[in-house]
Amino acid sequence: MDLNFTKEELAFRDEVRNFIDEHFDAEMRAAMKRTRTGYIAKHLHIRWQKALNGKGWLAPNWPKEYGGPGWTAAQRYIYDQEMMSAGAPIVVPFGPRMLAPVIMKFGTPEQKQKYLPDILASNTWWCQGYSEPGSGSDLASLQMKCEDKGDHYLCNGSKIWTSEAQHADMIFCLVRTAQGKKPQEGISFILIDMKTPGVTVAPIVTIDEPGAHMQEVNQVFFDDVKVPKENLVGEWNQGWTCAKYLLEFERGNAYSGSLKRGLQRIRRTAEAEMAGGGQPLIADPAYAARLAQIEIEVMALEMTELRILGQLSSGQNVGAASSILKTRGTELQQAVTELGAETVGYYMLPFTPLVEGGNEPTIGPDYADGVAQRYLNMRKVSIYAGSNEIQRNIMSKLILGL
Ligand SMILES: Cc1cc2nc3c(=O)[nH]c(=O)nc-3n(C[C@H](O)[C@H](O)[C@H](O)COP(=O)(O)OP(=O)(O)OC[C@H]3O[C@@H](n4cnc5c(N)ncnc54)[C@H](O)[C@@H]3O)c2cc1C
């Protein structure tokens, strides 16, 4: 693998940097500095995503025919690394990353025409309705009922842990449409307008957000919700195929760029923070060895990402290898935030809620701001998008053939 960039690739890197300088404005920078979840205020995400779309860069993984930029693997890598190392806002994944590939593969021509340009334009905000109170890892046991009432569908039940549902205009849902021999049979994939009568969103307050200033997850209730029939994606009772296809896109992420950024921040803190004996923390050999160990593991992950993602052409999914990226990436996210917490030590204790748009001064040094919240928030990453234990089951079956 040749890791040296060509002249054209270096010019592309400059173009990405110029874009970031121009569009990653002060309001977004302040919000990104304080976010513990990766989400910032909706209007900022929309502003950022519209700028990306104006440049044709919103959906790097989409095939060109649907509006993807048609980049090489090297360009995608450069783009990801530059965005992550600048700490730029994420593209909220539910529409562009998760639903869009399903619509491209299983949607009708009308659905493609209606939803894909709209997702690129960030006009409709989506959320994901997979998990239910009794169905997480064992997703196929889901019970939210959807009945065919002739001229419409009728839905009853509830979804849980629905990220960002409070901001969503639409939700894509897995629903039970028949009792098959196997639980995977009799599931359908439908799209529901969140403004339909009978849809209620209830926030769930998590440990990292006392006072629910910036909720991340919700429970969504569906009480006799009428859904137009054209909102079924794929075949009736065959939604499990769409569900599995979507999950490979959900998990096929690159993590190394933001991990490297986190480690740089920790290194700077350890240079400023004093350990015993008037020496900076970084001079402590045991601490330095621990930091170096994680840096090496992040480099190894980066090589794995290059190997796996570099083989893909636009629109292709990562397949079962997405479980490797998800497991290793999230283990390292937790290792980095744990080390971050230990680095600031007791300065982590004043727990200032990261209020959206808030301008409360921090208690203690600036570098300790948000460290506790991010450490607590990162407990989620080995659970969501399919827990890491489930990813290991997938790897053992589909990659190792056990
Ligand atoms: C912050 C956050 C955001 C989320 N956002 C969304 C969202 O937007 N939309 C959505 O639909 N869902 C979302 N989820 C839900 C997420 O997908 C589930 O939490 C996850 O699939 C695990 O399910 P569960 O919570 O029911 O845990 P369980 O399935 O009950 O698992 C509990 C524990 O048992 C282990 N376990 C279970 N089965 C096995 C097995 N067969 N082998 C080995 N170990 C096993 C698990 O690894 C876990 O440690 C979110 C979750 C979190 C934490």
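This structure is a prediction, so every number in the text was calculated from the model and none was measured. Position 1 is the first residue of the sequence, and the numbers go up from there.
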Rounded distance [0.5 Å steps], CD in Gln75 versus CD in Glu8: 10.0 Å

Ignoring hydrogens and angles, state whether a donor on the side chain of Ser158 or Gln219 is under 3.5 Å from an acceptor on the partner side chain. yes

Polar contact flag, side-chain donor to acceptor under 3.5 angstrom, Glu216-Thr206: no

What orientation do Tyr153 and Trp236 show, parallel under 30°, tilted 30 to 60°, or perpendicular over 60°? parallel

With no hydrogens and no angle check, do the side chains of Lys326 and Asn253 hold a donor and an acceptor under 3.5 Å apart? no

For the residue pair Gly87 and Phe24, what are the closest heavy atoms and their distance? O-CZ, 3.3 Å

For Ala320 and Leu398, work out which heavy atoms get closest and say how close. CB-CB, 3.9 Å

Looking at Ile282, is its backbone amide N or carbonyl O close enough to the side chain of Arg267 to form a donor-acceptor pair, meaning the two atoms are under 3.5 Å apart? no

Output for pair (Met98 CE, Ile103 CD1), nearest 0.5 Å, gives 14.0 Å

Please check: side-chain N/O of Ser396 versus main-chain N/O of Asn393, any donor-acceptor pairing under 3.5 Å? yes

Check the surroundings of atom NZ in Lys226: do more than 12 heavy atoms from other residues, nucleotides or ligands lie under 6.0 Å from it? no

Looking only at non-hydrogen atoms, find the nearest pair between Gly67 and Leu120 and report the distance. CA-CD1, 4.2 Å

After noting the C-alpha distance and the side-chain angles of Trp126 and Asp169, does the key distance pass the side chain to side chain contact (heavy atoms under 4.5 Å, CB included) rule? CA-CA 6 Å; Trp126 288 87; Asp169 307 300; over 6 Å; no

Establish, for the pair Lys55 and Phe19, whether the NZ or CZ atom is under 6.0 angstrom from the six-membered ring centre and no further than 45 degrees off its axis. no

Using every non-hydrogen atom in the two residues, find where Ile192 and Cys155 come nearest and quote the distance to one decimal. CD1-SG, 4.1 Å

Treating Ser163 as the side-chain partner and Val217 as the backbone partner, does any N or O pair qualify as donor plus acceptor under 3.5 Å? no

Which of Trp48, Trp71, Trp62 passes ring pair (Phe, Tyr, Trp, His ring centres under 6.0 Å) with Trp57? It is Trp71

Would you check if Tyr347 and Glu273 make a side-chain contact, meaning some heavy-atom pair closer than 4.5 Å? yes

Closest contact, heavy atoms only, Trp161 versus Ser131: CD1-CB, 4.3 Å

How many angstroms lie between atom CZ of Arg261 and atom CD of Gln81, to the nearest 0.5 angstrom? 12.5 Å

Determine the interplanar angle of the Trp125 and His45 rings, folded into 0 to 90°, and report it as parallel if under 30°, tilted if 30 to 60°, perpendicular if over 60°. tilted

In the structure I gave you, are the side-chain heavy atoms of Leu400 and Met395 within less than 4.5 Å of one another anywhere? no

Any Asn18 side-chain heavy atom under 4.5 Å of Glu22 side chain: no

Can any side-chain N or O of Tyr130 pair as donor or acceptor with the backbone N or O of Ala243 at less than 3.5 Å? yes

Can a donor-acceptor pair be found, under 3.5 Å and without considering hydrogens, that links the side chain of Glu297 to the backbone of Ile294? no

Decide yes or no on side chain to side chain contact (heavy atoms under 4.5 Å, CB included) for Asp284 and Gln279, but give the supporting numbers first. CA-CA 8 Å; Asp284 178 303; Gln279 293 281 320; over 6 Å; no

Tell me, yes or no, whether the heavy-atom count around Lys112 atom NZ, taken from other residues, nucleotides or ligands under 6.0 Å, exceeds 12. yes

Could you give the distance from CG (Asp193) to CG (Asn231), rounded to the nearest 0.5 Å? 8.5 Å

Do Arg76 side-chain atoms and Asn61 backbone N/O form a donor-acceptor pair below 3.5 Å? no

Only counting residues at least two apart or in another chain, list the ones meeting ring pair (Phe, Tyr, Trp, His ring centres under 6.0 Å) with Phe172. Phe189

After noting the C-alpha distance and the side-chain angles of Arg97 and Val91, does the key distance pass the side chain to side chain contact (heavy atoms under 4.5 Å, CB included) rule? CA-CA 9 Å; Arg97 235 196 124 84; Val91 169; over 6 Å; no

Using salt bridge (charged side-chain N to carboxylate O under 4.0 Å, His left out), reason through Lys260 and Glu302 one step at a time and then give a plain yes or no. CA-CA 10 Å; Lys260 284 194 287 186; Glu302 187 176 11; 3.0 Å; yes

Heavy atoms from other residues, nucleotides or ligands near NZ of Lys244 exceed 12 (cutoff 6.0 Å): no

Just do the side chain to side chain contact (heavy atoms under 4.5 Å, CB included) check on Met83 and Asp80 with the steps written out, would you? CA-CA 5 Å; Met83 289 293 170; Asp80 281 348; 5.9 Å; no

Is there a salt bridge (charged side-chain N to carboxylate O under 4.0 Å, His left out) between Asp208 and Lys380 once you walk through the steps? CA-CA 11 Å; Asp208 55 337; Lys380 73 185 178 189; over 6 Å; no

Output, in order, the C-alpha distance, side-chain angles, deciding distance and verdict of side-chain hydrogen bond (donor to acceptor under 3.5 Å, both in side chains) for Asn377 and Thr37. CA-CA 7 Å; Asn377 188 265; Thr37 59; 5.7 Å; no

Here the pair of heavy atoms bringing Ile119 nearest to Pro96 is CG2-N, 3.4 Å

Please determine whether the number of non-hydrogen atoms from other residues, nucleotides or ligands lying under 6.0 Å from atom CD of Glu147 exceeds 12. yes

Any luck finding a side-chain donor-acceptor pair between Asn218 and Thr162 under 3.5 Å? no

For Cys127, is there any backbone N or O sitting under 3.5 Å from a side-chain donor or acceptor partner on Glu164? no

Which of parallel (below 30°), tilted (30 to 60°) and perpendicular (above 60°) describes Tyr77 and Phe5? tilted

State, without any angle test, whether Ser141 and Glu132 hold a side-chain donor-acceptor pair at a distance under 3.5 Å. no

Do you see a donor-acceptor pair shorter than 3.5 Å between the side chains of Thr330 and Asn388? yes

In Å and rounded to the nearest 0.5 Å, what is the CD1 to CZ distance from Ile399 to Arg392? 12.5 Å

When rounded to the nearest 0.5 Å, the distance separating CD1 of Ile266 from CG of Leu339 is 4.5 Å

Taking the six-membered ring of Tyr375, is the NZ or CZ of Arg379 close enough (under 6.0 Å from the centre) and on axis enough (within 45°)? yes

Checking Arg328 against Glu331 for the salt bridge (charged side-chain N to carboxylate O under 4.0 Å, His left out) test, could you report, in this order, the C-alpha distance in whole Å, the side-chain angles of both residues, the deciding distance, and whether it holds? CA-CA 5 Å; Arg328 206 59 200 119; Glu331 282 171 351; 2.6 Å; yes

Check whether any side-chain N or O of Gln111 sits under 3.5 Å from a backbone N or O of Leu232 as a donor-acceptor pair, and report yes or no. yes

Under 3.5 Å, side chain of Glu305 to main-chain N/O of Leu325, donor-acceptor pair present? no

Do Val175 and Lys145 touch side chain to side chain, with heavy atoms closer than 4.5 Å? no

Donor-acceptor pair, distance only, cut-off 3.5 Å: does the side chain of Ser387 make one with the backbone of Ser382? no

Answer yes or no: does atom CD of Glu235 have more than 12 heavy-atom neighbours from other residues, nucleotides or ligands under 6.0 Å? no

